[in-house]
Amino acid sequence: QVTTEEVAQLAEMRIPPPEFFNKKFSSFSFTPRVISYADTPLAVLTMFEDMGFITKFRINKTYLCRFILMVRKGYRDPPYHNWSHAFAVCHFCYIMYKNLDLPKYLDDIELLALFVACLSHDIDHRGTTNSFQIASDSVLAALYSSAGSVLERHHLTQTMAILNTDGCNIFQSMGNTNYQRTLDLISYIILSTDLAHHLRIMEELKKMSQAGYAKGNPGHHKLLLSLLITSCDLSDQTKDWNTAKRIAEMIYQEFFKQGDLEKSLGRDPLLMMDREKACIPELQIGFLESIALPVYSLLAKFFPAARVMVDVMQKNRQMWKKMKGRVKKMDVVTGTAMDSLL
Ligand SMILES: Cc1nc2ccc(C(=O)NCC(C)C)cc2n2c(-c3cc(OC(C)(C)C)ccc3Cl)nnc12
Ligand SMILES: [Mg+2]
Ligand SMILES: [Zn+2]
């Protein structure tokens with residue numbers, strides 16, 4: 001629970017304009033992680049307001065404050081999958097809204113659902129993967145492994161639990177049809193943040209990019225929503241080199257902790273989770289080429305203005321290649337040795 005005082009304190013503040021946080025707050029190059037943990041709830045309010053959602057959906061401001069604070073509290077503090085990640089993800093959704101004319105492609109309810117899903121898409125993440133849930137027979141695996149997307153189903157359950165908490169239902173001014181549609185959209189969007197789901201729809205996304213987006217095609221709306229949240233989820237890698245490198249390190253901190261855990265359970269971790277064997281530059285070059293660059297290349301096919309992110313990501317890939325080259329060929333570079341280099 002969040003205290004009444006916390007909610008009141010946030011609710012009584014006037015919602016500042018985006019420039020209050022930074023004059024570049026709405027630009028692709030802005031790095032949302034510079035906003036302090038304490039200031040993020042107000043920044044989320046600013047984004048809701050600036051996208052016109054509070055007025056359009058008659059959202060009760062006190063409910064919205066309580067919802068934001070409950071979602072923030074719902075995150076744990078693993079090295080990467082914490083509230084700062086969620087805030088960075090929802091900020092990217094906001095800058096796409098401001099720079100890519102999303103309302104030309106998606107309707108208001110879909111955009112609201114996308115933004116709210118960004119906020120809570122990793123809530124209560126434990127810093128371990130879906131396969132670790134299953135291999136370790138975790139409570140979440142017991143609940144969801146038959147349905148797949150174990151972690152994502154949990155993130156969704158937690159989101160719905162908050163919406164069903166007194167004074168947190170930000171959608172309550174909506175009519176039943178819109179209300180149900182918003183929840184269905186949030187469910188679909190959060191479940192589509194499972195890497196396995198993204199890989200499954202890549203072919204369809206490529207076909208859609210070749211055929212061209214058809215606003216009259218509901219299937220295209222769902223595919224685009226998946227692409228957009230995946231773009232938000234990976235957005236740290238579209239920023240300056242120092243940001244991209246620092247966040248990649250955080251992810252490997254989280255992966256190496258899982259690898260240590262797996263070793264202590266007598267199991268062999270994936271290479272990318274084994275701090276004794278992983279070569280971060282090599283792994284990152286692979287991830288950018290196989291997963292991240294295709295995402296933003298597809299995005300740029302629908303939104304030419306997104307081309308700039310592909311270029312920045314290509315530059316970051318070149319930097320990883322230089323890092324790889326800098327390390328003497330002979331050594332098998334371990335995560336630890338790499339830390340000293342990064
Ligand atoms: C910088 C960066 N490096 C990563 C390196 C590897 C992997 C990984 O999971 N490899 C597993 C093999 C089987 C491919 C993820 C990485 N990653 C993510 C990420 C993305 C996710 O899923 C979406 C968003 C749908 C792609 C889900 C979870 C995470 Cl941590 N975000 N940033 C990164
Ligand atoms: Mg996730
Ligand atoms: Zn995420």
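Stacking of K222 on the aromatic ring of Y188 is recorded, both the 6.0 Å distance cut-off and the 45° axial limit being met.
For the residue pair H154 and D124, a side-chain donor N or O sits within less than 3.5 Å of a side-chain acceptor on the partner. Looking only at atom types and distance, the side chain of S84 has no donor-acceptor partner in the side chain of Y75 under 3.5 Å away. With 3.5 Å as the limit, one finds a donor-acceptor pair spanning the side chains of E152 and N130. Between the side chains of T128 and Q133, at least one donor-acceptor pair of N or O atoms lies under 3.5 Å. Counted by atom type alone, Q180 and D184 present one or more donor-acceptor pairs between their side chains at under 3.5 Å.
In this structure the side chain of L112 reaches within 4.5 angstrom of the side chain of F171, judged on heavy atoms. Put simply, the side chain of F92 reaches to within 4.5 Å of the side chain of T238, judged on heavy atoms. No side-chain heavy atom of L299 sits under 4.5 Å from any side-chain heavy atom of V295. Between L283 and F287, the closest side-chain pair of non-hydrogen atoms is not below 4.5 Å. Counting only heavy atoms from C-beta outward, the side chains of F48 and V44 approach each other to under 4.5 Å. V2 places a side-chain heavy atom less than 4.5 Å from the side chain of R66. N60 is not listed as a side-chain neighbour of S173, based on a closest heavy-atom distance of 4.5 Å or more. Annotation: side chain of K73 is not in contact with side chain of M70 (no heavy-atom distance under 4.5 Å).
Under the 3.5 Å distance criterion, the side-chain polar atoms of S231 are matched with a main-chain donor or acceptor of L227. Remark: the backbone N or O of P79 is paired with a side-chain donor or acceptor of N82 at under 3.5 angstrom. Checking side-chain atoms of S145 against main-chain N and O of A142 turns up no donor-acceptor pair under 3.5 Å. With hydrogens and angles ignored, the 3.5 Å screen pairs a side-chain donor or acceptor of H91 with a backbone N or O of F25. N164 places a side-chain N or O within donor-acceptor distance of the main-chain N or O of M160, the cut-off being under 3.5 Å. Looking only at distances, a side-chain donor or acceptor of T165 sits under 3.5 Å from a matching main-chain atom of A161. Looking only at distances, a side-chain donor or acceptor of S36 sits under 3.5 Å from a matching main-chain atom of D39. Without hydrogens or angle criteria, Y296 side chain to S235 main chain gives a donor-acceptor distance under 3.5 Å. Formation of a donor-acceptor pair under 3.5 Å by the Q258 side chain with backbone atoms of T129 is found in this model. Formation of a donor-acceptor pair under 3.5 Å by the R72 side chain with backbone atoms of Y37 is found in this model.
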| field | Candidate pair D122 and D233, rule side-chain contact (heavy atoms from CB on, under 4.5 Å), full reasoning | value | CA-CA 10 Å; D122 273 333; D233 214 346; 4.2 Å; yes

| said: One pair to check against salt bridge (charged side-chain N to carboxylate O under 4.0 Å, His left out): K263 and D268. What are the steps and the verdict? | reply: CA-CA 6 Å; K263 286 177 191 171; D268 265 354; over 6 Å; no

| Test log, rule side chain to side chain donor-acceptor pair (under 3.5 Å), inputs H121 and H85 | CA-CA 10 Å; H121 83 284; H85 166 59; 3.2 Å; yes

| request: Start with the C-alpha distance between D240 and T243, add both sets of side-chain angles, then the distance that settles side chain to side chain donor-acceptor pair (under 3.5 Å), and finish with yes or no. | output: CA-CA 5 Å; D240 61 284; T243 300; 2.7 Å; yes

| Step-by-step ring-ring contact (aromatic ring centres under 6.0 Å, His included) determination, Y80 to H125 | CA-CA 10 Å; Y80 176 75; H125 201 293; 8.5 Å; no

| query | side chain to side chain donor-acceptor pair (under 3.5 Å) between Y94 and T46: does it pass, once the steps are laid out? | reply | CA-CA 10 Å; Y94 166 75; T46 290; over 6 Å; no

| message | Using ring-ring contact (aromatic ring centres under 6.0 Å, His included), reason through Y252 and F255 one step at a time and then give a plain yes or no. | response | CA-CA 5 Å; Y252 287 99; F255 284 171; 5.6 Å; yes

| message | Assess the residue pair H221 and Y105 against the criterion (ring-ring contact (aromatic ring centres under 6.0 Å, His included)); give the C-alpha distance rounded to whole Å, side-chain angles, the decisive distance to 0.1 Å, and a yes or no. | response | CA-CA 8 Å; H221 284 237; Y105 296 76; 9.2 Å; no

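Taking all atoms of both residues into account, the shortest heavy-atom contact from S120 to T159 is OG-OG1, 2.9 Å. Of all heavy-atom pairs between A11 and T62, the closest is CB-OG1, 4.1 Å. Closest approach of I162 to C168, counting heavy atoms only: O-CB, 3.1 Å. Between S29 and K239, the shortest heavy-atom distance links the atoms O-CD, 4.4 Å. Nearest heavy-atom pair across L163 and N169 is O-CB, 3.2 Å. For the residue pair L100 and A306, the shortest heavy atom distance occurs at CD2-N, 4.1 Å.
Between D107 and R181, at least one side-chain nitrogen of the basic residue sits less than 4.0 Å from a carboxylate oxygen of the acidic one, meeting the salt-bridge criterion. Remark: D50 engages K98 in a salt bridge, criterion side-chain N to carboxylate O under 4.0 Å. Between R33 and D236, at least one side-chain nitrogen of the basic residue sits less than 4.0 Å from a carboxylate oxygen of the acidic one, meeting the salt-bridge criterion. The pair E254-R76 fails the salt-bridge criterion, with no side-chain N (NZ, NE, NH1 or NH2) lying under 4.0 Å from an Asp/Glu carboxylate O.
In this structure, NZ on K207 lies 10.0 Å from CG on L223, to the nearest 0.5 angstrom. Between the CD1 atom of I109 and the CD1 atom of I186 there is a distance of 10.0 Å, given to the nearest 0.5 Å. Distance check: L195 CG to L199 CG gives 4.5 Å after rounding to the nearest 0.5 Å. Between L140 atom CG and H155 atom NE2 the span is 8.5 Å, to the nearest 0.5 Å. K257 NZ to L261 CG: the interatomic distance, rounded to the nearest 0.5 Å, is 9.5 Å. In this structure, the separation between NZ on K206 and CG on L298 is 7.5 Å, given to the nearest 0.5 Å.
Under the 4.5 Å side-chain heavy-atom criterion for ILVMFWY residues, a single connected hydrophobic cluster contains both V34 and I95. Cluster membership for V312 and W241, using ILVMFWY side-chain heavy atoms within less than 4.5 angstrom, is not shared. By the rule that hydrophobic residues join a cluster once side-chain heavy atoms approach within less than 4.5 Å of another member, F115 and L234 end up as members of one cluster. Connection of M250 to V89 is not established within any shared hydrophobic cluster, with ILVMFWY side chains joined at heavy-atom distances below 4.5 Å, either directly or through further cluster members. By the criterion of side-chain heavy atoms lying less than 4.5 angstrom apart, applied directly or through intervening Ile, Leu, Val, Met, Phe, Trp or Tyr residues, M273 is grouped together with I280 in one hydrophobic cluster.
Relative orientation of the Y213 and H220 rings is tilted, given thresholds of 30° and 60° on the angle between their planes.
In the displayed structure, Q172 atom CD is contacted under 6.0 Å by more than 12 heavy atoms of other residues, nucleotides or ligands. Heavy atoms of other residues, nucleotides or ligands lying less than 6.0 angstrom from NZ of K24 number 12 at most.
Tested against R317 for a side-chain hydrogen bond (donor to acceptor under 3.5 Å, both in side chains), the candidates Q237, Q284, E289 yield a single pass: E289.
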